[in-house]
Amino acid sequence: MLQVSVLRAAPEEVKQRLAKKNFKDMQLVDTIVQLDDDRKKLQASFDDTQAKVNAASKEIGMLMAKGDKAAAEAIKQNVAGWKQELEPLKEQMAVVEKQLADTLVQLPNLPAPEVPEGKTPEENEIVRTGGAMPDLGPEAVPHWELTKKYSLIDFELGNKITGSGFPVYTGKGAKLQRSLIQYFLDFNTEAGYTEYLPPFMVNAASAYATGQLPDKEGQMYHATEDDFYLIPTAEVPVTNVYRDTILKEEALPVKMTAYSPCFRREAGSYGKDVRGLNRLHQFEKVEIIQIVHPDKSYEVLQDMIAHVERLLQSLELPYRILRLCGGDMGFTSAITYDFEVYSAAQQRWLEVSSVSNFENYQTNRMKCRFKGADGKTQLAHSLNGSSLALPRIVACLLENNQTATGIRLPKVLHRYFGAEQI
RNA sequence: GGUGAGGUGGAUGAGUGGCUGAAAUCAGUAGUUUGCUAAACUGCCGUACGGGUUAAACUGUACCGCGGGUUCGAAUCCCGCCCUCACCGCCA
């Protein structure tokens with residue numbers, strides 16, 4: 001969440017930047033500043049009164065020790081009065097603090113200056129395009145036919161076992177998943193990321209810290225008996241490794257990578273968007289996460305983009321990198337670059353990665369700080385990106401590499417998959 | 001799931017109602033001294049939210065797993081919850 005100090009310092013500038021993100025509820029900014037004023041006043045008066053109570057209590061203790069019971073009793077009368085004053089103050093403070101917290105989380109992160117103006121995905125900016133477009137013959141088919149033809153994925157079986165959006169990978173299809181996960185993790189750890197294998201369910205505090213709650217509650221599967229949430233991405237458990245911690249400056253940057261299945265309810269999706277592997281309720285993904293010094297986060301963002309780009313290049317897929325416009329960005333992000341690969345048979349671009357700098361929006365919620373050389377603690381910056389989400393990569397690999405005799409695999413996968421084609 | 005024992009500052013660990021935001025030791029850090037692959041001594045060394053200051057200094061409040069309660073006063077007493085450990089049960 002945003003820091004109140006930022007809102008106080010320049011409320012009008014904050015509003016302007018929020019407007020770029022297509023945020024409408026501008027009076028919230030003023031509401032927050034007002035609530036914070038109220039909070040400060042209440043605390044000042046509460047603290048003053050409490051100080052009197054504390055001083056009196058100490059005095060009572062000393063009088064009792066001396067045996068001056070009468071004097072002690074007299075002071076007790078005063079204390080009783082102050083305590084009555086404290087009760088309503090305490091209640092008001094709790095109310096104001098809750099309002100402040102509830103309001104503050106309604107503000108999205110501020111977009112970085114270089115975020116393009118725009119409200120819809122059409123207004124995203126294409127940064128660059130890479131890889132060679134395949135030249136498929138007219139007999140090319142979409143991946144949902146290929147997965148059937150080669151017995152790689154059984155969507156109907158998934159329907160029976162669970163429901164739609166829960167595919168069952170079989171035989172070489174399952175092995176391809178495993179190969180990709182293994183390859184992606186190796187690629188990341190070789191670049192200095194430490195591998196984590198996190199829990200696939202988190203508690204509410206963790207979901208709140210990375211911003212899934214309260215904003216996207218309906219997107220997550222919720223195990224109500226134990227109040228756990230199935231993770232929508234490994235970002236949630238892995239970023240929370242550093243919740244409520246104060247790092248040493250020399251511990252930065254923290255670089256983490258993790259494989260996990262991702263669970264998303266995707267309520268309201270339909271049509272060709274959800275056909276085959278395009279959108280699932282459960283899918284596999286490898287994520288990269290960094291926690292860095294605030295001065296370095298934009299440099300690191302470029303590193304992460306280059307890292308994901310190299311990974312896509314190694315898979316020999318045609319791709320493009322988009323800089324998302326303000327209106328299409330996520331709630332918690334300051335800037336986001338999406339990676340899309342071209343699905344030759346569907347003739348459309350499919351998102352396979354999203355690399356974002358959250359600046360201190362997540363770390364402020366998480367209370368993830370570091371102690372600088374000057375001894376002061378300050379919030380770190382957090383970033384993350386997919387490297388990569390599997391389903392659409394698989395869709396493109398299958399479609400773009402289909403031949404009359406089978407499906408070719410890119411060189412880097414040969415040793416993981418144990419064969420050069422399917 | 002059951003029974004028992006516990007959860008104190010970076011670590012170990014003292015503290016059963018007031019003089020404890022918390023002993024002591026270790027680690028960390030600044031310095032002094034002696035000098036040589038280091039030792040001794042001294043100071044400093046939690047977090048959050050306020051007040052205050054150009055910035056400090058200084059100062060108020062809260063925090064000893066979390067949340068309530070008793071009391072003039074709670075790390076200390078009571079209740080609920082969470083977690084850890086041991087044993088039992090169950091089990092990949």
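If you're wondering where the values come from, they're calculated on a predicted model, not measured in any experiment. Every chain is numbered from 1 and lettered A, B, ... according to where its sequence line falls, protein lines coming before strand lines.
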Do any of residues 36-44 of chain A sit with a heavy atom less than 4.0 Å from RNA chain B, and if so which?
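Of all residues in residues 36-44 of chain A, the ones placing a heavy atom under 4.0 Å from RNA chain B are A:R39, A:K40, A:Q43.
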Hey, can you pull the residues of residues 237-244 of chain A with a non-hydrogen atom under 4.0 angstrom from RNA chain B?
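Those residues: none at all.
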Between [options], which one does the side chain of [X] approach most closely?
{"X": "A:D47", "options": "B:A56, B:G60, B:A62", "result": "B:G60"}
{"X": "A:I246", "options": "B:A62, B:U47, B:G60", "result": "B:U47"}
{"X": "A:T377", "options": "B:C72, B:U47, B:A62", "result": "B:U47"}

Can you tell me, in whole Å, how much space there is between the [atom1] of [N] and that of [M]?
{"N": "B:U42", "M": "B:C79", "atom1": "C1'", "value": "48 Å"}
{"N": "B:C72", "M": "B:C82", "atom1": "C1'", "value": "32 Å"}
{"N": "B:A24", "M": "B:C77", "atom1": "C1'", "value": "27 Å"}
{"N": "B:C45", "M": "B:A27", "atom1": "C1'", "value": "11 Å"}
{"N": "B:G65", "M": "B:U84", "atom1": "C1'", "value": "10 Å"}
{"N": "B:G15", "M": "B:A23", "atom1": "C1'", "value": "8 Å"}
{"N": "B:C41", "M": "B:U25", "atom1": "P", "value": "10 Å"}
{"N": "B:A55", "M": "B:G50", "atom1": "P", "value": "15 Å"}

Taking only side-chain nitrogens and oxygens of [X], does any of them come within less than 4.0 Å of OP1 or OP2 of [N]?
{"X": "A:R369", "N": "B:A48", "value": "yes"}
{"X": "A:K248", "N": "B:G28", "value": "no"}
{"X": "A:N54", "N": "B:G18", "value": "no"}

If I take atom CD from residue A:Q402 and atom CZ from residue A:R408, how far apart are they, to the nearest 0.5 angstrom?
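These two atoms lie 10.0 Å from each other.
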Quick one: CD on A:E217 to CE on A:M220, what's the gap to the nearest 0.5 Å?
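Reported to 0.5 Å precision, the distance equals 6.5 Å.
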Show the distances under 3.5 angstrom between N or O atoms of the protein and N or O atoms of nucleotides 65-71 of chain B.
none

Validation: residues 288-295 of chain A side-chain donor-acceptor distances under 3.5 Å, sequence neighbours left out:
residue: A:Q290; atom: NE2; partner: A:Y193; partner atom: OH; Å: 3.0
residue: A:H293; atom: ND1; partner: A:D295; partner atom: N; Å: 3.0

Could you go through A:Q50 and A:D48, starting from their C-alpha distance and side-chain angles, then the distance that decides it, and tell me whether this counts as side chain to side chain donor-acceptor pair (under 3.5 Å)?
CA-CA 5 Å; A:Q50 184 63 249; A:D48 283 351; over 6 Å; no
Each stem that RNA chain B is part of, given as range with range (3 or more consecutive Watson-Crick or G-U pairs, under 3.5 Å):
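Expected stems, ordered by start: B:1-7 with B:82-88, B:10-12 with B:24-26, B:28-32 with B:40-44, B:46-51 with B:58-63, B:65-69 with B:77-81.
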Determine whether the side chains of A:Q43 and A:E97 contain a donor N or O and an acceptor N or O closer than 3.5 Å.
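On atom types as modelled, these side chains do not qualify, holding no pair under 3.5 Å.
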For A:D102 and A:Q106, does a side-chain donor sit closer than 3.5 Å to a side-chain acceptor?
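No donor-acceptor contact under 3.5 Å links the two side chains.
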Applying a 4.0 Å non-hydrogen cut-off, can you work out what A:A56 is touching in the nucleic acid: base, sugar-phosphate, or nothing?
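Nothing, no nucleic acid heavy atom in range.
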For A:K371, answer base if it contacts any base atom (sugar-phosphate contacts may also be present), sugar-phosphate if it contacts only those atoms, and nothing otherwise; contact means non-hydrogen atoms under 4.0 Å.
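Since only primed, P, OP1 and OP2 atoms lie under 4.0 Å of A:K371, the category is sugar-phosphate.
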Could you check how far [atom1] of [X] sits from [atom2] of [N], rounded to whole Å?
{"X": "A:K58", "N": "B:C19", "atom1": "NZ", "atom2": "P", "result": "6 Å"}
{"X": "A:L247", "N": "B:U47", "atom1": "CG", "atom2": "P", "result": "14 Å"}
{"X": "A:M93", "N": "B:U61", "atom1": "CE", "atom2": "P", "result": "13 Å"}
{"X": "A:I75", "N": "B:G73", "atom1": "CD1", "atom2": "C1'", "result": "12 Å"}
{"X": "A:E59", "N": "B:C19", "atom1": "CD", "atom2": "P", "result": "15 Å"}

Look at the rings of A:F166 and A:Y221 and say which category their plane angle falls in: under 30° parallel, 30 to 60° tilted, over 60° perpendicular.
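Answer is tilted, since the angle falls between 30° and 60°.
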Would you kindly compare A:K367 and A:K376 by the position of their nearest RNA chain B nucleotide and give the one closer to the 5′ end?
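Result of the comparison: A:K367.
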In terms of the nearest nucleotide of RNA chain B, which residue is placed more toward the 5' end: A:I60 or A:S57?
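Mapping each residue to its closest nucleotide by heavy atoms, the 5'-most match is A:S57.
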Under-4.0 Å salt bridge between A:K296 and A:E299
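Salt bridge flag = no for A:E299 with A:K296.
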Check this for me: does any side-chain nitrogen of one of A:K41 and A:D37 sit under 4.0 Å from a carboxylate oxygen of the other?
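A salt bridge is absent here (no side-chain N lies under 4.0 Å from a carboxylate O).
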Could you go step by step and tell me if A:Y259 and A:Q182 meet the side chain to side chain donor-acceptor pair (under 3.5 Å) rule?
CA-CA 9 Å; A:Y259 149 76; A:Q182 183 93 330; over 6 Å; no
Which pairs would a plain distance check flag for residues 148-158 of chain A, meaning a side-chain donor or acceptor within less than 3.5 Å of a matching protein atom at least two apart in sequence or in another chain?
residue: A:D154; atom: OD1; partner: A:E156; partner atom: N; Å: 3.2
residue: A:D154; atom: OD1; partner: A:L157; partner atom: N; Å: 2.9

Test A:H381 against A:Y298 for ring-ring contact (aromatic ring centres under 6.0 Å, His included), laying out the working first.
CA-CA 10 Å; A:H381 280 192; A:Y298 279 87; 7.5 Å; no
Okay, side chain of [X], backbone of [Y]: is any donor-acceptor separation there less than 3.5 Å?
{"X": "A:T257", "Y": "A:E287", "answer": "yes"}
{"X": "A:S206", "Y": "A:V202", "answer": "no"}
{"X": "A:R392", "Y": "A:E351", "answer": "yes"}

Lys NZ or Arg CZ of A:R365 over A:Y208 ring: under 6.0 Å, within 45°
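Yes, a cation-pi geometry holds between A:R365 and A:Y208.
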